[in-house]
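Working notes for the structure below.
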Amino acid sequence: MTIYTIGYEGIDIDDFLHLLEKHNIETLIDIRELPLSRKQGFSKNSLSNHLNLKGFEYIHLPKFGCPKPIRNQYKLDNNWQSYKKAFTKYIQTQNEELLNLANLANSSNCALFCFEADFNFCHRSLVANEINKMHGLSIDHVKVTKSKTKKSADSTLAFA
């Protein structure tokens, strides 16, 4: 089975829903500790309503969010390697939650969800790596890129 990851940075709710449909995602797993967003449509209640109207399931798993002390240290030093080490140590204490997530991913097409567009610098990739390591699920990172067309200065979205 596969666990997907997706971020919403740089896209609106309609484009986000399109990506979920394109990748046959059935369940969106919000792994933000605090599922709030200044971006319209991406706070917990609004997002859950949008998803339910389109036939997706929404689950919030705050234990996979980055603990505040780790986030605060990263804000201070911007050291991704230290962040990765601290968050990986933390996530390895969440064995029961990881097992529950693996079981869910084995019964539904799931995507781990957070803000950052680049999964290489987002904790969702670290959660996915741990699921892969502990339970053998493969990982597929849904990518969003913005590109300019030569004929127009308007941005168009390319969905990978």
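Just the heavy atoms: all of them, side chains too, but no hydrogens, waters or symmetry mates, feed the values below. Not measured: the values here are computed from a predicted model.
- Considering NZ of K54 and CD1 of I13, their distance stands at 10.0 Å, rounded to 0.5 Å.
- Linking ILVMFWY residues whenever their side-chain heavy atoms come closer than 4.5 Å, directly or via other members, places I29 and I91 in the same cluster.
- The side chain to side chain contact (heavy atoms under 4.5 Å, CB included) test with F56 is passed by exactly one of N109, L28, L17: L17.
- Taking the six-membered ring where tryptophan is involved, the planes of Y74 and Y83 are tilted, since the angle between them lies from 30° to 60°.
- Taking NE2 of H141 as the start and CG of D118 as the end, the distance is 10.0 Å to the nearest 0.5 Å.
- Two residues are said to be in side-chain contact when any heavy atoms from C-beta on lie closer than 4.5 Å; T88 and Q92 meet this criterion.
- Of all the heavy atoms in C114 and C122, the pair that sits closest is CB-SG, 3.7 Å.
- For the pair K143 and F119, the minimum side-chain heavy-atom distance is below 4.5 Å.
- Side-chain contact between L137 and N132 is absent, with no heavy atoms from C-beta onward closer than 4.5 Å.
- You'll find the side chain of L98 reaches within 4.5 Å of the side chain of I131, heavy atoms only.
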Step by step, would you call L61 with I59 a side-chain contact (heavy atoms from CB on, under 4.5 Å)?
CA-CA 6 Å; L61 296 178; I59 297 173; 3.8 Å; yes

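- Checking side-chain atoms of T5 against main-chain N and O of A128 turns up no donor-acceptor pair under 3.5 Å.
- The hydrophobic cluster containing F16 does not contain L36, counting ILVMFWY residues as joined when their side-chain heavy atoms lie under 4.5 angstrom apart, directly or transitively.
- Legend: salt bridge (Lys or Arg N to Asp or Glu O under 4.0 Å) pairs involving residues 25-43, not counting sequence neighbours, sorted by first then second residue: D30-R32, E33-R71.
- For the atom pair S138 OG and M1 CE, the distance stands at 8.5 Å (nearest 0.5 Å).
- Hydrophobic clustering, with ILVMFWY side chains joined whenever heavy atoms are under 4.5 angstrom apart, groups V127 together with W80.
- The shortest side-chain heavy-atom distance between F113 and Y4 does not fall under the 4.5 Å cut-off.
- At a threshold of 4.5 Å between non-hydrogen side-chain atoms, the residues L47 and Y58 count as touching.
- Under a hydrophobic-cluster definition in which Ile, Leu, Val, Met, Phe, Trp and Tyr are linked whenever side-chain heavy atoms come within less than 4.5 Å, directly or via other members, L104 and L20 are assigned to different clusters.
- Considering CD of E97 and CD of E130, their distance stands at 14.0 Å, rounded to 0.5 Å.
- Minimum heavy-atom separation, C110 to A105: SG-CA, 3.8 Å.
- For NZ of K84, the number of neighbouring non-hydrogen atoms (other residues, nucleotides, ligands) closer than 6.0 Å is 12 at most.
- In this structure, E57 contributes its side chain and T27 its backbone to no donor-acceptor pair below 3.5 Å.
- Side chain of D15 to backbone of I11: no donor-acceptor contact under 3.5 angstrom is found.
- Side-chain heavy atoms closer than 4.5 Å link hydrophobic residues (I, L, V, M, F, W, Y) into clusters, and following such links, possibly through other members, connects V144 to F115.
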For S43 and S37, run side-chain hydrogen bond (donor to acceptor under 3.5 Å, both in side chains): C-alpha distance rounded to whole Å, both residues' side-chain angles, the deciding distance at 0.1 Å, then the answer.
CA-CA 5 Å; S43 287; S37 179; 5.3 Å; no

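- Nearest heavy atom pair, residue R124 against residue A117, reads NH2-O, 3.5 Å.
- When the ring-ring contact (aromatic ring centres under 6.0 Å, His included) test is applied to F87, the partners found at least two apart in sequence or on another chain are Y90, H123.
- Side-chain contact check for L112 versus I6: every heavy-atom pair is 4.5 Å or farther apart.
- Atom OH of Y8 sits about 7.0 Å away from atom CZ of F42, to the nearest 0.5 Å.
- H135 is listed as a side-chain neighbour of L99, based on a closest heavy-atom distance under 4.5 Å.
- The structure places CZ of F121 at 11.0 Å from CG of L126, a figure rounded to the nearest 0.5 Å.
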